[in-house]
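Sequential numbering from 1 along the given sequence is applied to the chain's residues. What you see is a predicted model; the values in this text were computed from it and never measured.
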Amino acid sequence: MIKPTVPVNEEARLRALKDLKTLDTDQEERFDRVTRIARRMFNVAISLVTLIDEDRQFFKSKQGIEPRVLPRDTSFCGHTINNNDLLIINDTQTDERFFDNPFVLNDPNIRFYAGYPLVLPEALSIGTLCIADTKPRHFSYEDQQLLKDLGALVEQEIQSIQLATIDDLTKISNRRGFLSLAEHTFNMCKKNALPISIILFDLDKFKQINDFYGHHEGDLVLNMFAKTLLNVFKDADVIGRLGGDEFVVMISDSGESNNAVVLKYLADEINQVNIDSNKPYNISYSAGIVNYSSDTHQTVESMIEDADRAMYQQKKQQR
């Protein structure tokens with residue numbers, strides 16, 4: 001058996017997958033409809049919508065198989081996400097990658113597999129629409145086109161989820177996406193007695209950049225600032241654009257001294273961005289930070305409001 005290799009864009013791929021917040025969620029009719037059609041159309045034993053996490057594959061929709069989670073390193077779909085096109089295995093027993101795979105030798109005794117990589121607009125493959133059977137078969141050109149059509153339907157549904165929670169310009173979480181992720185992080189911190197910090201950022205003189213240099217430059221500033229936030233704050237932190245020129249970060253298990261270090265690092269990174277971009281303006285910002293213990297009775301929304309007041313207080317002091 002040959003284990004699937006890790007994609008070169010694995011970090012970005014996993015971030016995009018987690019931002020969708022579809023891992024470990026219930027099956028949904030919009031995906032089940034497609035897997036039912038696929039199973040019936042191709043007359044196969046199994047059809048799945050899979051999401052490839054760091055070390056597992058999660059079945060968002062499944063027909064013909066019981067588990068919802070299986071290991072990634074023995075998965076067929078782990079190979080599929082490395083493809084730009086369909087992965088077709090007409091007979092697993094004649095393929096060196098799979099002939100001794102545990103899912104070929106044992107239940108569900110896969111002899112045929114065809115998988116379509118589910119690719120986000122950012123060219124990140126997060127999973128598959130796949131079919132499998134217990135006997136080898138020939139998969140015709142017409143069959144391939146039909147599977148691609150069904151895969152495109154799944155991609156459209158995933159993109160509709162993405163658009164509901166992802167900021168279209170910067171590709172980080174929008175307000176709705178941030179609140180959902182932050183609520184999950186907040187509950188985890190409460191459970192594990194970890195402190196929480198909220199930092200609200202507001203870009204200074206952003207209106208002037210739009211007015212003097214055009215909205216294209218304003219969009220560029222928003223993208224550069226979002227990218228810098230992603231580079232500075234670790235993956236466990238929750239980052240979002242609340243709207244306009246306001247950004248927010250939730251940090252878990254970080255004290256005031258560590259937050260100060262991270263904010264200094266951010267200031268240095270933004271300074272370097274300004275130097276490298278060589279624009280006639282500089283990106284600058286104000287930040288408001290509030291810290292909470294795990295037993296706080298605040299809501300995420302009220303935390304953001306507190307950080308907003310702290311940020312405007314900083315703006316007043318700078319005038």
Side-chain angles (χ1 to χ4, degrees), residues 1-28 31-32 34-35 38-39 44-120 122-134 147 150-151 154-155 157-159 161-162 181 184 188 234-236:
M1 186 190 76
I2 299 176
K3 294 182 180 181
T5 58
V6 175
V8 294
N9 58 3
E10 179 74 351
E11 184 177 347
R13 192 192 69 79
L14 287 174
R15 184 184 298 122
L17 173 60
K18 294 182 188 302
D19 283 346
L20 287 172
K21 300 182 295 299
T22 51
L23 289 169
D24 302 312
T25 57
D26 294 337
Q27 292 194 205
E28 296 180 50
F31 297 117
D32 290 346
V34 177
T35 52
R39 190 183 188 192
V44 291
I46 296 169
S47 62
L48 306 163
V49 170
T50 72
L51 301 174
I52 306 300
D53 198 5
E54 186 172 3
D55 56 5
R56 61 179 180 146
Q57 57 175 343
F58 170 74
F59 301 144
K60 179 59 180 171
S61 176
K62 61 185 181 70
Q63 309 292 333
I65 194 170
E66 283 305 314
R68 294 204 69 194
V69 177
L70 288 173
R72 176 176 174 175
D73 61 3
T74 55
S75 71
F76 288 69
C77 299
H79 290 271
T80 305
I81 63 171
N82 289 308
N83 279 22
N84 294 323
D85 203 348
L86 298 179
L87 175 63
I88 302 170
I89 313 298
N90 291 311
D91 187 350
T92 57
Q93 291 187 358
T94 63
D95 192 302
E96 66 174 350
R97 295 168 294 181
F98 304 109
F99 75 95
D100 57 349
N101 185 289
F103 301 115
V104 173
L105 298 177
N106 306 300
D107 187 62
N109 305 114
I110 295 173
R111 290 290 301 277
F112 163 80
Y113 171 90
Y116 173 94
L118 301 172
V119 182
L120 298 178
E122 301 89 344
L124 301 171
S125 182
I126 61 165
T128 74
L129 169 67
C130 69
I131 56 175
D133 207 1
T134 56
L147 185 58
L150 291 176
V154 176
E155 286 177 332
E157 292 298 338
I158 290 173
Q159 288 172 28
I161 297 172
Q162 187 182 36
L181 287 170
H184 175 77
M188 179 200 71
K234 62 184 185 295
D235 289 341

Under 4.5 Å between any side-chain heavy atoms of [X] and [Y], yes or no?
X	Y	result
Val6	Arg13	no
Ile81	Pro7	yes
Pro67	Ile65	yes
Tyr113	Asn101	no
Ile89	His79	no
Glu155	Val119	yes
Ile131	Arg39	no
Asp53	Lys18	yes

Polar side chain donor-acceptor pair, Ser61 to Asp32, under 3.5 angstrom: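 The criterion, which ignores hydrogens and geometry beyond distance, is satisfied for Asp32 and Ser61.
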Which heavy-atom pair separates [X] from [Y] by the least distance, and what is that distance?
X	Y	result
Ala16	Leu120	CB-CD1, 3.7 Å
Thr134	Pro108	CG2-O, 3.5 Å
Gly115	Cys130	CA-CB, 3.9 Å
Thr128	Cys77	OG1-SG, 3.1 Å
Ala38	Ser47	CB-CB, 4.2 Å

Backbone of [Y] reached by a side-chain donor or acceptor of [X] within 3.5 Å:
X	Y	answer
Asp95	Asp91	no
Thr92	Ile110	yes
Asn106	Phe103	no
Lys60	Leu48	no

side-chain contact (heavy atoms from CB on, under 4.5 Å) between Phe58 and Leu17, intermediate numbers included: CA-CA 11 Å; Phe58 170 74; Leu17 173 60; over 6 Å; no
Quick check for you: to the nearest 0.5 Å, what is the distance between [X] atom [atom1] and [Y] atom [atom2]?
X	Y	atom1	atom2	answer
Asp73	Thr5	CG	OG1	12.5 Å
Gln57	Ser75	CD	OG	4.5 Å
Leu20	Gln159	CG	CD	10.0 Å
Lys62	Ile46	NZ	CD1	10.5 Å
Glu122	Asn9	CD	CG	11.0 Å
Lys21	Gln162	NZ	CD	10.0 Å

More than 12 heavy atoms from other groups under 6.0 Å of CG on Asn84: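 For Asn84, atom CG is not crowded (no more than 12 foreign heavy atoms under 6.0 Å).
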Residue Glu54 excluded, over 12 heavy atoms near CD under 6.0 Å: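 No, not enclosed.
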Asp19 and Leu181: CA distance, side-chain angles, deciding distance, side-chain contact (heavy atoms from CB on, under 4.5 Å) verdict: CA-CA 8 Å; Asp19 283 346; Leu181 287 170; 4.0 Å; yes
Note: Asp133-Arg111 ion pair, threshold 4.0 Å (strictly below):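 No, Asp133 and Arg111 are not salt-bridged.
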Electrostatic pair Asp24:Arg68 at N-O distance under 4.0 angstrom: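 So Asp24 does not pair with Arg68 through a salt bridge.
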Phe112, Tyr116, Phe98 screened by ring pair (Phe, Tyr, Trp, His ring centres under 6.0 Å) with Phe76, the one that passes: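 Filter result, single survivor: Phe98.
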side-chain contact (heavy atoms from CB on, under 4.5 Å) evaluation trace for Glu157 with Val49: CA-CA 12 Å; Glu157 292 298 338; Val49 170; over 6 Å; no
Stepwise side-chain contact (heavy atoms from CB on, under 4.5 Å) test for Phe31 and Leu129: CA-CA 10 Å; Phe31 297 117; Leu129 169 67; over 6 Å; no
